[in-house]
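We name chains A, B, ... by the order of the sequence lines, and we start the count at 1 in each one.
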Amino acid sequence: MAKLSLDSLTRSYGDLTVVNSVSLAVPHGEFLVLLGPSGCGKTTTLRMIAGFVEPSSGSIHIGDQNVTAKPPWKRNCGLVFQNYALFPHMTVAENVAFGLEMRQVEKSEMGKRVNDALRMVRLDHLGHRYPRQMSGGQQQRVALARALAIQPDVLLLDEPLSNLDAKLREEVRIEIRELQRKLGLTTILVTHDQEEALTVADRLVVMQDGHVRQIGTKRDLYERPADRFIASFIGRSCFNEGVITRSGRFETEDGLVFKVLDTGASGPASLALRPERFVIGDQAHSMDNHFTGTVEFVSYLGSSIDAHVRLGSSTKMVVQMANRDGFIEPSEGDALTIGWAQSAGLTYPRNQGSISQGGQVS
Amino acid sequence: MVGQGVQSLSMTPSSAQTQRGLTASLLIGPATVFVAVSLLVPMAILFRYSLNAFVPGKFMVDALTLDNYIKFFTDPYYSSVLLRTVRVAMICTVVCFVLGFPLAYVLARSQSRFKNLLVILVVLPLFVGNAVRAAGWMVSLGNKGAFNQLMIGFGWIDQPIEIMYTEAAVLIGIIAVNLPYMVLTLQGVLEGIARSTEEAAFSLGATPLVMARRILWPLAMPGILAGSILTFILAMNAYATPALLGGPKFQMMGTLVYGQFSQQNNWPFGGAISFILMTATLVLTSLSQMLIARRYHVS
């Protein structure tokens, strides 16, 4: 039985539907990430789970309880906000104790539980401090301790790392992940940062325009993006436009024919290829597809090197090459043979009006 | 101006500091001089007057006596005016807070595109001068005023309700003037309290009432204090409203001062009353400030 389930959850403001029939089942102990660009409805979904936004229709269950009509203070959700939202007039210990006071935990037990929660985030020595006397990373850990102290049924994290600098973000991210594993907490994290999403998530939910686009593990999303949007949003893809002429055959606008993964679809489509799936040089000849093109642009990224290779008047590929020992990168203007497997070519039927330049990477 | 930044770099630290000090005094100078000349000097003169004697027929006579102050505190009539003033000011402050806080909260949390319009509506009463507004109240609250005519017309009352020239009329008048000050001060402070702070409390199990008491109230305390002090000072020193709505028999400290200066020509006693009013206001506000600051650790 799912710990948290959303059933056709919808929220509209007038004519605008910000969350459109979202259904999810989150098993006990899962770390689920709601991922999407700003305005995709992920935050509204989280706020409906927390009880701050009333759904227009649909229902929310925590455990076997229908909480759709319950106010936030009766839901037992631990919440961590982007801006920490600590109570500035209370010490760190008082902040953590607040939720326990609301639950009328006995004084004798309270001290221990506050201490336990603070020890989990390694701040038990700073209980007497006020939030303003702490760094952003410490404040966010206090907020986490405060949310954990109430032993929530579901832990909800609303872009908790966005206000931290890169190094701290990494640190707190790992801390959240380890605590979540240790405590077996069902957790929902909302973020627009795909790297953050990919490092912590058991499963991801990609949202766009209020709809769930795809639910799956990192591997599912990366290997088999459900649509063009996800192919561009999760990791990098280079896109070329053309037509699926028959099963497994894609013809570009400039007349090149590629073997692609057969999806059963036909007609105008976009071809998405991951830049690291290309092989170059002699090895390329043994691949399902191999073409020789001109290197137009090389960009040195450190661990890897990107080469933009033009295959035809409108067809361009972005090829990522590992920067191995003794690797000599191609120069601009060089001829380069590239090859790729049929199964690497993912096609997406093209919608009207979303035609883009060949070789576009996003 | 363009070269100034470069120039100050090459200067020795001490001369740079001198220049900064000079700039600072240039910035605060004019206002300070204006306040000193227009407020402190007249007050010093007034205080000196309050120590003079008043001889009927000869007006003010040079002296150095506390008689005016003694007269105020020994005559029950005058002390009762002071008490009434303090009482009216306190009632106004409490009512302004009770009415103003919910309004300020709604304004602070409003995300409506009409928010600016709402704020203007709150400030609108201040667009009308005190005297004009009081005249309006006189027209509507009098025995033959719109309010009583309406009530009698509907048959809800037989006799007009006496509102004009009572303390109630003065209270209504002062509250109407002071409410915007309270609302605006509170709104500013409440807007500084992130909505997520409240939501955090809710998610931890606090009901709205508990949240208001444990989170909103202490965090808004600096604003509650500032708004209350502002309202209290304004009410203590009200003149036009008590003069017009309270009538000649209803005296507050403001009207008393005016009477002594312009009707009795008793400048020394008028000066003494002014200083008693000022001291009472100062003492009461600093006392409440201190008490609340200690209780809620605000500064």
Side-chain angles (χ1 to χ4, degrees), chain A residues 13 43 46-47 49-53 67 70-91 94-105 117 130-132 139-140 142-160 163, chain B residues 97 101-102 104-106 108-115 185-228 288-299:
Chain A
Y13 295 97
T43 299
L46 189 87
R47 291 174 63 77
I49 299 171
F52 298 132
V53 174
V67 298
K70 278 196 174 181
W73 50 91
K74 288 187 179 161
R75 291 199 184 190
N76 203 34
C77 291
L79 246 125
V80 176
F81 296 86
Q82 182 176 348
N83 66 353
Y84 325 135
L86 295 175
F87 308 132
H89 58 302
M90 296 184 192
T91 64
E94 284 167 350
N95 264 280
V96 176
F98 188 85
L100 301 176
E101 277 179 61
M102 296 301 121
R103 281 160 181 71
Q104 271 133 24
V105 170
Y130 281 93
R132 62 174 175 274
Q139 289 190 41
Q140 196 55 297
V142 174
L144 188 60
R146 184 176 66 176
L148 293 176
I150 62 170
Q151 297 170 345
D153 291 325
V154 183
L155 181 64
L156 304 173
L157 309 166
D158 185 7
E159 308 227 7
N163 279 10
Chain B
F97 173 72
F101 193 90
Y105 184 79
V106 170
R109 290 284 174 252
S110 163
Q111 289 178 353
S112 158
R113 56 210 159 99
F114 299 114
K115 181 172 172 167
T185 317
L186 286 175
Q187 187 207 341
V189 175
L190 289 172
E191 268 175 3
I193 303 172
R195 175 74 185 152
S196 59
T197 313
E198 299 174 18
E199 289 177 345
F202 290 143
S203 75
L204 292 166
T207 59
L209 213 65
V210 172
M211 189 284 291
R213 189 169 57 81
R214 294 285 309 272
I215 309 296
L216 215 50
W217 175 262
L219 288 181
M221 193 42 74
I224 296 171
L225 200 60
S228 300
S288 63
Q289 160 100 43
M290 259 158 35
L291 282 175
I292 291 172
R294 191 175 305 159
R295 172 80 178 73
Y296 288 97
H297 314 288
V298 293
S299 48

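The two residues Ser203(B) and Arg103(A) come nearest to each other via the heavy atoms O-NH2, 4.4 Å. Residue Trp73(A) comes nearest to Gly205(B) through the heavy atom pair CB-C, 3.5 Å, listed as atom of the first residue, atom of the second, then distance.
The environment of Leu209(B) atom CG is sparse: at most 12 non-hydrogen atoms of other residues, nucleotides or ligands sit within 6.0 angstrom. Within 6.0 Å of the NZ atom in Lys74(A), the count of heavy atoms belonging to other residues, nucleotides or ligands does not exceed 12.
Within residues 144-156 of chain A, the residues that have a heavy atom under 4.5 Å from a heavy atom of chain B are Arg146(A), Ile150(A), listed by number.
Interatomic distance, CD of Glu199(B) versus CZ of Arg47(A), reported as 4.0 Å (0.5 Å rounding). Here the CD1 atom belonging to Ile215(B) is positioned 4.0 Å from the CE atom belonging to Met90(A), to the nearest 0.5 angstrom. How far CZ of Arg214(B) is from CZ of Phe98(A): 5.0 Å, rounded to the nearest 0.5 Å.
Heavy-atom distances place both the backbone and the side chain of Ala200(B) under 4.5 Å from chain A. Interface remark: Glu101(A) contributes side-chain atoms only to the contact with chain B (heavy atom separation under 4.5 Å). Contacts of Arg75(A) with chain B are absent, with no heavy-atom separation under 4.5 Å from either backbone or side chain.
Of the residues considered (Ala50(A), Pro71(A), Pro88(A)), Pro88(A) shows the highest number of contacts with chain B, using heavy-atom pairs under 4.5 Å. The residue among Ala143(A), Ala85(A), Gly51(A) with the most heavy atom pairs within less than 4.5 Å of chain B is Ala85(A).
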